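When a ligand or atom number is given, it counts from 1 through the structure's own listing order. Values in this document were obtained by computation on a predicted structure and should not be read as measured data.
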Amino acid sequence: MFQTPGIHHVTAIAGDPQENLDFYTNVLGLRLVKLTVNYDDPGTYHFYFGDGVGRPGTIMTTFPWPGAPRGRRGNGQVTSIAYPIARESLDYWSERLAAAGVDVQGPAERFGEQVLSFTDPHGLPFELIAVQERPDLEIWEGSPVPAPHQLGPFHGVALSVRQRAATAEVLTWLGFERVGEEGERVRFRARASLGAGIVDVLERPNDLPGTVSTGTVHHVAFRVKDAEEQERMRKELFAMGFIVSPVRDRTYFRSIYFREPGGVLFEIATDQPGFAVNEPIERLGTRLCLPEHLEPARRELESILPPLQLPEK
Ligand code: ZN
């Protein structure tokens, strides 16, 4: 068994890139910490959003597919992404989202906490959960959201599956323990959680599998401390009968991928080297970064990728 500290990042499919960028930076107040392309499909942007310094556990990433149809949320997917907020921030966020034309549901109570729900402009479901104690924030000074209300590390994600048992075994192997149950929802928390440590498993035997397109999550990545431990995990996954990808160099982390038994695509990503590996912290997300093997195609890619108005800060 391993001891993941929690979620590293969540990656979703968005629609129009400018709408996606504007909503995450101007409305949610996140920082664009890296502007790059999908290494497996370089004609598509890959946006990484995060806190003021782009720490693992705060990273929300998107592949914008302009013009693509809406995906169907369903089993075998992450079906919501939650951020913790202070109780004093509930009214602030309800009003801020409503002012941006977002339809906000709640607050509703879950595990004794108040939960606001909404979707981004392309249908991706988010929750803001008012918690007693928030994790430390790395403030983003360029954010339109005042410091006390800013979003930092995720609270966690919810996965939807037809049957819970085998998914629970993989979470246990990763370092999660079962900490609660409410209705269809069983809550797991990373034993070594450093924030972003919650995974709720929703058992929905009658739901259809999801389809991947705009407004759905592509995968969730969990943290591993270094490449050696990642290699041990890869070997164990093989031994347990999973199909595991080779190690992929994502420039900012190294990754392996496998599908857990409930159908959700899991990634295991190293904390290192991080987003400052090719631009200083002050300049994160201010230019298109390409991996070395795509640099020769920069001009061609820049002509294919839709033009973007980047945030001013
Ligand atoms: Zn990923």
Side-chain angles (χ1 to χ4, degrees), residues 2 4-14 17 20 24 30-51 54-65 71 76-83 120 124 126 153-154 156-159 170-171 174 190 195-197 199 210 212-227 229-231 233-234 237 242-260 262-275 277-278 284-285 289-291 293-294:
F2 292 89
T4 179
I7 294 164
H8 183 286
H9 66 270
V10 179
T11 295
I13 311 296
N20 179 242
Y24 286 63
L30 303 176
R31 182 177 189 186
L32 179 68
V33 294
K34 197 61 64 178
L35 174 62
T36 183
V37 295
N38 180 345
Y39 291 7
D40 301 317
D41 174 20
T44 299
Y45 281 119
H46 193 178
F47 298 150
Y48 289 83
F49 303 94
D51 68 2
R55 288 177 299 167
T58 71
I59 305 299
M60 180 68 220
T61 102
T62 56
F63 299 138
W65 292 358
Q77 289 180 338
V78 168
T79 45
S80 71
I81 303 155
Y83 286 97
D120 81 359
L124 190 70
F126 283 96
F154 296 112
V157 295
L159 320 177
V170 171
L171 288 172
L174 271 167
V199 174
V212 175
S213 195
T214 60
T216 65
V217 172
H218 188 268
H219 63 267
V220 55
F222 297 100
R223 294 171 66 180
V224 61
K225 70 173 189 294
D226 57 33
E229 184 159 298
Q230 185 182 54
E231 190 51 36
M233 295 176 94
R234 191 165 171 274
L237 284 164
F242 288 98
I243 298 166
V244 194
S245 76
V247 176
R248 307 265 186 225
D249 180 0
R250 299 312 192 191
T251 311
Y252 314 105
F253 43 87
R254 292 159 51 103
S255 299
I256 59 173
Y257 302 83
F258 68 102
R259 218 168 268 285
E260 59 81 34
V264 184
L265 186 59
F266 278 8
E267 173 180 346
I268 294 169
T270 57
D271 279 6
Q272 298 300 328
F275 293 98
V277 68
N278 57 3
L284 293 178
C289 288
L290 294 175
H293 71 277
L294 290 175

*asked:* For Tyr83, give me all partners under ring pair (Phe, Tyr, Trp, His ring centres under 6.0 Å), at least two apart in sequence or on another chain.
replied: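 Partners of Tyr83 under the ring pair (Phe, Tyr, Trp, His ring centres under 6.0 Å) test: Phe154.
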*Test applied, side chain to side chain donor-acceptor pair (under 3.5 Å); reference residue, Ser255; option that passes from Arg248, His8, Glu267*: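 Among Arg248, His8, Glu267, the one meeting side chain to side chain donor-acceptor pair (under 3.5 Å) with Ser255 is Glu267.
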_I'd like to verify the contacts: list protein N, O or S atoms under a distance of 2.8 Å from the Zn ion (ligand 1)._
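Near the Zn ion (ligand 1), the protein supplies His9 NE2, His219 NE2, Glu267 OE1.
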*Criterion side chain to side chain contact (heavy atoms under 4.5 Å, CB included) against Met60, the qualifying member of Leu124, Val33, Asp120, Thr11*: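 When side chain to side chain contact (heavy atoms under 4.5 Å, CB included) is applied between Met60 and each of Leu124, Val33, Asp120, Thr11, only Leu124 qualifies.
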*Side chains of Thr251 and Tyr39: do they bring a donor and an acceptor to under 3.5 Å?*
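Yes - a donor-acceptor pair under 3.5 Å links their side chains.
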_Near-ring test Tyr24/Phe47, centroid separation under 6.0 angstrom_ =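 Here the rings of Tyr24 and Phe47 have centres that are no less than 6.0 Å from each other.
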_To check you understand the geometry: which heavy-atom pair defines the closest contact between Leu284 and Lys34, and what is its length?_
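Looking at all heavy atoms of both residues, the closest pair is CD2-NZ, 4.1 Å.
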